[in-house]
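I have placed the structure first, in the form of structure tokens, so that the comments after it can refer back to it.
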Amino acid sequence: MRLPPVSALLNLAVLCVFCSTGPLEDVVIDRYYIPPVCPREVTLGDHVRYHYNGTFEDGKKFDSSHDRGYPFSGLVGIGRLITGMDRGLQGMCVNERRKIIVPPHLAYGSLGAGSVIPPDATLYFDVHMLDIWNIEDKVQIHTLYKPAECNRTVESSDFVRYHYNGTLLDGTEFDSSHSRGHTYDTYIGQDWIIKGMDEGLIGMCVGERRSIIMPPFLAYGEQGFGTKIPPNASLMFDVLLVDLHNPKDDITIDSKKSLESCIRQSVAGDYMRYHYNATLLDGTPFDSSYSRNQTYNTYIGMGYVIAGMDKALQGLCIGDRMRVTVPPHMAYGENGVDNIIPGSAVLVFDVHVIDFHNPKDNVEVTTTFKPENCNDTTQTDDLVRYHYNCSMLDGTQLFSSHDYKNPQEIILGASKVIDGLDTALHGMCAGERRVAIVPPHLGHGENGARGVPGSAVLRFELELLDFKKGVPNGYLFVWLSDTPENLFEAMDLDKNGEVPLEEFSTFIKNQVDNGIGRLKPGEDAEAIITDMFVNQDRDKDGRIVAEELKLKTDEDAEKVRHEEL
């Protein structure tokens with residue numbers, strides 16, 4: 001049941017004050033619930049919203065805001081309420097509950113209020129204060145948590161992502177970004193959000209939590225919003241700032257640590273291997289190469305990675321460590337990536353450069369020691385004996401010949417080792433030491449090998465112990481001086497017109513011992529000589545006659561003539 005208009009009731013209440021002849025009673029207040037925290041009390045001139053039940057002394061109800069489904073809203077102390085309520089509401093806190101007993105002369109006096117309130121009625125109000133604000137109020141900001149490090153704060157024109165819980169002053173929740181599972185994303189200072197929130201977010205750091213309280217005229221005002229925010233409602237937001245950037249932002253690089261030596265810096269077109277940990281700006285991890293136990297490998301400056309990383313990875317040295325902050329317009333933009341990276345998210349990468357190379361790179365060789373007498377050096381077909389240590393450019397040790405009983409032994413140019421190592425071993429003299437940097441296309445390539453990651457640049461420490469001059473590929477023996485004028489006669493030691501294996505072996509060994517010829521190194525001499533004999537014994541009768549004996553050079557020339565025909 002509704003009361004008559006406030007102005008009419010007020011006039012009646014004032015007239016009745018002068019009708020009384022005895023001492024006047026004052027308002028009786030029973031504060032039966034006082035909240036533990038009361039940052040503000042009702043004073044004259046405040047706007048208030050409260051629920052109430054109004055009854056007579058006998059308990060009969062004459063009015064109730066609860067029955068109407070919305071609270072009463074009005075000003076205190078300017079005559080818009082009955083005098084008893086003006087007095088009874090003063091000093092109340094939000095969420096406080098009071099019983100206010102208003103005597104007739106402070107209510108509707110001897111006239112009453114129509115058919116609702118009889119004359120000389122004492123009124124009993126059970127009041128629950130929901131909201132207090134004043135036209136002079138400003139946004140109230142309370143910092144609940146602030147990170148120790150805060151390199152940047154929110155400014156007008158920034159784009160922010162934040163989580164919030166929104167409540168009325170009495171604690172009634174009306175909205176929460178947490179319940180929707182995603183942040184609220186908006187520009188600041190562009191009238192995209194209510195003014196109170198626009199003001200309240202200024203100066204926040206990522207990771208900071210604030211309580212922001214705003215009066216209705218800086219929120220949804222007299223209209224309210226929907227069914228959950230009533231008219232003239234003060235709002236309270238518990239805000240956590242998750243992300244912050246400006247559309248004009250470029251990448252930022254912090255905490256960069258470089259090794260003392262840097263021979264070369266990365267450029268566009270290089271192929272780089274690097275490790276990284278990736279997080280959102282609030283520290284939430286979303287990816288890590290370490291968790292996969294393999295580097296991220298890519299060309300840089302060619303659009304193979306997000307624009308921010310493409311830019312950040314140029315101008316670096318092997319071994320560099322840095323933190324790269326990438327704004328969303330240089331990362332994954334407004335759409336983000338599935339459920340991994342939110343839209344408009346700033347990304348942070350902690351990067352460690354393992355190595356890089358260019359597909360045009362050759363082997364880099366640095367001589368660390370060279371004997372004074374270095375007249376004879378290695379070349380293709382030579383048998384070389386050497387020690388080596390092999391590592392990646394970040395210092396990770398891979399292999400070492402010192403771990404085995406004997407040093408490494410190979411014939412250069414025989415495709416027994418990776419091309420880059422074969423190249424590095426050319427032109428060395430015995431006792432020489434070198435460091436060789438081998439790019440992957442001259443090493444183990446994109447697939448790598450056992451113990452060697454794909455596309456890895458390798459570092460070899462080499463020491464040549466000794467070497468033996470070799471013979472051309474396809475040869476078992478070469479002459480070091482002119483061939484005897486009549487080779488068969490020189491070979492036929494007993495001059496009987498035929499040369500068995502024993503006689504052939506004796507002849508060849510004499511040539512080697514006298515420095516006239518050289519056997520293929522690295523293999524058993526007897527086996528090589530036997531192969532040579534078998535090759536010349538064309539009818540396989542165990543002896544060589546003059547017609548069977550031919551030099552390999554003559555055979556090769558004859559073969560070419562046949563191919564030309």
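If you're wondering where the values come from, they're calculated on a predicted model, not measured in any experiment.
- A salt bridge is defined here as a Lys NZ or Arg NE, NH1 or NH2 lying under 4.0 Å from an Asp or Glu carboxylate O, and Asp254 with Arg323 fails to meet this definition.
- The shortest non-hydrogen separation linking Gly203 to Glu208 is O-OE1, 4.0 Å.
- The pair Arg80-Asp86 does not count as a salt bridge, with every side-chain nitrogen at least 4.0 angstrom from each carboxylate oxygen.
- No salt bridge links Lys99 with Asp126; every basic N to acidic carboxylate O contact stays at or beyond 4.0 Å.
- Tyr33 meets the side chain to side chain contact (heavy atoms under 4.5 Å, CB included) test with Pro35, Pro36, Arg97; sequence neighbours excluded.
- A salt bridge links Asp287 to Arg292: one of the charged nitrogens lies within less than 4.0 Å of a carboxylate oxygen.
- Judged as a side chain to side chain contact (heavy atoms under 4.5 Å, CB included), and not counting sequence neighbours, the contacts of Glu155 are Asp158.
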Checklist entry - For Asp394 and Arg459, what are the C-alpha separation, side-chain angles and deciding distance, and is it a salt bridge (charged side-chain N to carboxylate O under 4.0 Å, His left out)? => result CA-CA 10 Å; Asp394 66 348; Arg459 182 181 188 273; over 6 Å; no
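- Listed by first and then second residue, the salt bridge (Lys or Arg N to Asp or Glu O under 4.0 Å) pairs that reach into residues 162-177 are Asp175-Arg180, sequence neighbours excluded.
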Donor-acceptor pairs under 3.5 Å, side chain of residues 186-200 to any protein atom, not counting sequence neighbours: which ones?
residue: Asp198; atom: OD1; partner: Gly189; partner atom: N; Å: 2.9
residue: Asp198; atom: OD2; partner: Gly189; partner atom: N; Å: 3.4

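- Here disulfide bond (SG atoms under 2.5 Å apart) pairs that include residues 64-114, with residues two or more places apart or in two chains, are Cys38-Cys93.
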Throw together a table of side-chain donor-acceptor distances under 3.5 angstrom for residues 235-245, partners on residues two or more places apart or in other chains.
residue: Asp238; atom: OD1; partner: Arg209; partner atom: NE; Å: 3.4
residue: Asp238; atom: OD1; partner: Arg209; partner atom: NH2; Å: 3.0
residue: Asp238; atom: OD2; partner: Arg209; partner atom: NH2; Å: 2.6
residue: Asp243; atom: OD2; partner: Arg161; partner atom: NE; Å: 3.2
residue: Asp243; atom: OD2; partner: Arg161; partner atom: NH2; Å: 3.3
residue: Asp243; atom: OD2; partner: Val346; partner atom: N; Å: 2.7

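- Comment: Asp270 engages Arg264 in a salt bridge, judged by a side-chain N to carboxylate O separation of less than 4.0 angstrom.
- Residues Ile306 and Val326 come closest through the heavy atom pair CD1-CG1, 4.4 Å.
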Using residues 437-458 as the side-chain source, report each donor-acceptor pair under 3.5 Å to any protein atom, sequence neighbours left out, with the distance given to one decimal.
residue: His441; atom: NE2; partner: Pro359; partner atom: O; Å: 3.4
residue: His441; atom: NE2; partner: Asp361; partner atom: O; Å: 2.8

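- Met302 approaches Asp310 most closely through the heavy-atom pair N-OD2, 3.4 Å.
- Salt-bridge check for Asp350 with Arg321: failed, with every basic side-chain N at 4.0 Å or more from each acidic carboxylate O.
- Classification of the Phe62-Phe125 ring pair by plane angle, with boundaries at 30° and 60°, yields perpendicular.
- Annotation for Pro215 and Lys138: closest pair CD-O, 3.9 Å, computed over non-hydrogen atoms.
- Under the rule for a side chain to side chain contact (heavy atoms under 4.5 Å, CB included), the partners of Glu334 that lie at least two apart in sequence or sit in another chain are Ser344.
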Item to check | Derivation of the side chain to side chain donor-acceptor pair (under 3.5 Å) call for Ser64 and Asn53 | outcome: CA-CA 4 Å; Ser64 173; Asn53 286 316; 2.5 Å; yes
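- Scanning for ring pair (Phe, Tyr, Trp, His ring centres under 6.0 Å) contacts around His51 gives His66, with sequence neighbours left out.
- Remark: Cys205 pairs with Cys150 by the disulfide (SG to SG under 2.5 Å) rule, at least two apart or across chains.
- Asp30 is linked by a salt bridge (charged side-chain N to carboxylate O under 4.0 Å, His left out) to nothing, counting only residues two or more places apart in sequence or in another chain.
- Pairs engaging residues 304-330 under the ring pair (Phe, Tyr, Trp, His ring centres under 6.0 Å) rule: Tyr299-Tyr304 [sequence neighbours left out].
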